[in-house]
Structures are given as structure tokens and as C-alpha cells.
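The structure appears below as C-alpha cells.
Side-chain atoms are counted along with the backbone in the values below, which use heavy atoms only and exclude waters and symmetry mates. Chain letters run A, B, ... following the sequence lines, proteins first, then strands; residues in each count from 1.
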Amino acid sequence: MATESHEGMKAIRLLMVVSSFAPLFIIWMIRGIPIIPDCYFIPICVAMVAIPNLVLCFRFWGMKRNSEKFPLVVGRAEDHRDHLLVYLISMFLPFYAPDILSWRELVAFVFVVGLIIFLFWYLDLHYVNVVITAAGYRVFTVYPDGEHSEFGNEPFVLLTQRSSVSKNQKILAYRISDTIFMEAGK
Amino acid sequence: MKINIEVEKIESTVFGVGIKEGMEKTYRILATNKDLQGILLEMVKSTALEMSDSENSKSDNSVQSFQYEPSEKYGSQEYLTLPMTSSLATTVNKLFTAENIKLDMSVLKNPDKIFCYFASFTDMDGKKILAVRRATQFKATIGKHMIQLASDALVPMKNDVFKLDGDFDLIMDSDCIHILHPSGFEIIGELSKAILAAVPENIKKISGEMKTVDFSTIEAYAIKHPRAADYISSICSFDQAKDVDHDKLLEECKAFGVEVTEEAGKIKVKEDHVMGFLDVLDRRRYKLELVKGKPELYKAVSRYKIAK
């Protein structure tokens, strides 16, 4: 996975994971649940979609306002499009999970979703986000080159609109978390 | 002095600290906001201004060179330069060329391990400068009760407070290290370790220039004595050994009471007189005869070559 090192900004990471599950909450909202009236269920789903994304928008606005830019140098880069498959399987959960007809089934379903969110957070998969992908960003895991990386040779995740990144390329990026960066536009 | 960067076109500012854990030193960068980035840039400008003032005052005295010499005794604030290609610049060069320094805010939880802080600026043309300062004042307020004015009363500050200095010890660009506080540069650059390690190589270079001198006693002495190692480093850096005349050298040693012997045509220095010999070679012994018939001999702790 992207990094095994200590990753700060735990709250931001968790919000990013919950934000990435927006499609699941939207599908769930559309399908509905027989045991919970729409007047309660729809606002809950809307809140689960809106709140994390609003907080993240605020975070992105803050990092641009603070000009939290860092110069990065690419060593070796890997494109993690395969992580999207894991992500998609999670998103389609409402379609292959049985209909929720009782409170016990609801609790079990919420537990499964919570477990998947926890695993995404724990495995640092918080950058797999449909909103980021829709905005045209690709995800690369960058492994710094050894020669000048004596003080930081741990891999990091780079979100960029480039179709590829090459060795020794210098990129200026905003810091989303301690190991996730988003390339700054010109 | 001129720093190789467009200050009005700064594209990114990175702030970080150096951490010492046992014998190992490493560096970490820290997140900052725009206000702090502005303050750091002001510190660089202030440092550059002080360097210019120091440079101008030396030029008035017709000083030829501002290059840093390990053997020289400097004041607390003096503008000096050192090429980035110098062997004395190895440690700071490593920080300058470092890439992808790890971002880690948790290092601030152990401020006693912080030995320096630095700020790196890159302009839109890709030119970079790095300014460094010892962290003596940076963590001076840790553990002390800091208070602030809140509304209409004084209240204690809950978070740790770190203090920035008014200027940096040195600023590096791609060509040169610009030094404002020589002692700060010597500590940050780990110069004493580098100079002692370079003694054999420096002796080899000097003995190649001065084939009529036996440097074995001098090398054995300098490996254990940092001051002698400093002198040898200076002599080597400034080519002081080049074209030294054998007879003139003997004459100067005799005049200043430096005891040497000649064995098989080679000058050999007694161990007790190694520093005296190095003084002569490093142009630190001089004679004045202002009163006729009464020559006076001096040793200079600090000297600059002046233009004629």
C-alpha cells in the first residue's frame, strides 16, 4: 500500500475515506430501506455525503490559502488504478447485499460498511475518491530516489492531472496529509 | 553580496528543523501558513542586508577576500563566503541538495533534539536558496511559562511557543554559502569533524607543493589537535604552500624562534614548534620596525590580506 509509516492528520484521512463512500450513500438513498422512512433516511444519507465533502473542501481551500506547497522529486512512480477495483466493489455493496428488512440486518449492514471504511482508513487508501477522479486527477505512489533522499525516502501519494510522471521530475504540490500531495496548478 | 534568487518571484517556501538523535542528525519539514512564510522571507532579507553592510565595511578597508578560513578567528557577525564545491561545505550541501525531506509535525514534541531550523525558498525559475540557523533561541521558551493578552486579561499560553531569530546564520544558493555568523556555520556544518578527517588529504596536497619539508611530525600532531588541522585546511584552501622558497622559509622560522632541523635536505619541525611553523606558513607571524634598530615580532590571531 501507499505507506507504512506514521501518517498524521487522522481526522482528515477519515473524512476523506467517508467522502469517498459518497456514491454508496447516494445509491443507498435512491434504493431506500423499507424499515426507515425516507423523511429520516434521505437527510441522513445527504448529511453523510455533504458533511465530509464540505469539510474536505474547506481543507483544500485552507491549504491553498496557506500556500502549503512542497517541492517533490519523483523517483519511481506507480499508477494505482487497480485500487479503484477494490473501491468499486465496495461502492456496489447495496446491489449485491440482501434487502434490509429488519433492524438486525440494518445493524449488520452498517457494521460491514463501517468495517470497510475502517480498512480503507487503516490501509491509507483515503486517496481513492470518486470526486478526485472526476476532477481529472490520477493517483500515483511515488518512491523517492535514493541519491538525494537521505532524509525522506518513504513513499508518498501524488494526485495529479498529468497522465504520467517520470523519474527526476520536480513537482510542486499541496499537502493534503503528511503523505498525500496534490499537484499545484500553474 | 548577491543571492542567486528572484525574491519577488518566490513560488514555494519550506520550513524545517534539524534533529539530533545520539550521533545521528536528520532533518524534517514542518507545515506552515502564509504568514510564517512571509516572516521567514523577511528574515532572509534582513540577513542579506546585514551581510551587505558587513561586506561594505570590509571593502572600505580594502580587504581582498571574504572567503571563510577555518584557521581565522572571526567576530560573532561577519560576512564571509565559501564555494559550494569546498570540502568544508559537504554537510550543508547535503541539506541543500536533499529531496523529499519527510514531513513530520511530531518532531516538535521533542524540542530538545532540535539543533537547527531552516527555510528553503524556490522561485518560478527553479532557483533555490536555503537559510539555516542554530536553534538556540528557537526552543528557548520551551518549559517556561509564556503569557499572552486575551481580551482584557493576561492568560498563560497553553501550547509550546517557538521563537524565531531576527536573521539566519547562513544562506546558501547553488554557487555559494553566504555566512553571517561564522560560529553558527561551524556548528551546523560540523566543520571540526570534517577538517580533522581531511588532515591526511590536505597534508598530501601541501607536501606535493613543498617537497623540501618533511610533514610527518606535523601530520601526526594535526590529527589530534583541531587548531593545527584548521591551519592546515586554510593553508591548503588558499594555496599558501605554493612557490614557498626553502631558504626564505628557514629564514622566517629562525627569525620567529620556530625550531626546525634539516635532515637530508628536508626541513623537519620539532613537535613543540608545529604550531609556530604553521603560523609562519599561514602568514600569521610578522615583523615591524617602526623604531630604528628595534624590530618587533607579532603573531596575528586574525589577519586579512589587503590590496596594495
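Under the side chain to side chain contact (heavy atoms under 4.5 Å, CB included) test applied with Glu99(B), the options Val73(A), Val74(A), Leu72(A) reduce to a single match, Val73(A). The side chain to side chain contact (heavy atoms under 4.5 Å, CB included) test with Phe70(A) is passed by exactly one of Ile101(B), Ile29(B), Asn100(B): Ile29(B).
Of the two parts of Leu172(A), only the side chain, counted from C-beta on, holds a non-hydrogen atom closer than 4.5 Å to a non-hydrogen atom of chain B. Heavy atoms closer than 4.5 Å to chain A are found in the backbone of Leu30(B), but not in its side chain. At a 4.5 Å heavy-atom cutoff, the contact between Thr97(B) and chain A is made by backbone and side-chain atoms alike. Neither the backbone nor the side chain of Ser120(B) comes within contact range of chain A; no heavy atoms are under 4.5 Å apart.
Lys69(A) has no carboxylate O lying under 4.0 Å from a charged side-chain N of Glu11(B), or vice versa, which leaves the two without a salt bridge.
Between Lys34(B) and Arg65(A) there is no side-chain heavy-atom pair separated by less than 4.5 Å.
Taking a 6.0 Å sphere around CD of Gln148(B), one finds it holds more than 12 heavy atoms contributed by other residues, nucleotides or ligands. For Phe60(A), the CZ atom is densely surrounded, since the number of other residues' heavy atoms within 6.0 Å is greater than 12. Counting heavy-atom neighbours within 6.0 Å of Ile147(B) CD1, excluding the residue itself, gives a total of 12 or less. Counted within 6.0 Å of NZ on Lys204(B), heavy atoms from surrounding residues, nucleotides or ligands total 12 or fewer; the atom is thus considered open.
Of the inter-residue distances, the one linking Glu68(A) atom CD with Leu103(B) atom CG reads 8.5 Å to the nearest 0.5 angstrom. In this structure, the separation between NZ on Lys170(A) and OG1 on Thr122(B) is 8.5 Å, given to the nearest 0.5 Å. Taken to the nearest 0.5 Å, the CZ atom of Arg28(B) stands 11.0 Å off from the CG atom of Asp178(A).
Judged by distance alone, with hydrogens and angles left aside, the side-chain atoms of Gln37(B) form a donor-acceptor pair with the main-chain N or O of Ser67(A) at under 3.5 Å.
Closest non-hydrogen pair, Phe151(A) versus Lys94(B), comes out as CE1-O, 4.0 Å.
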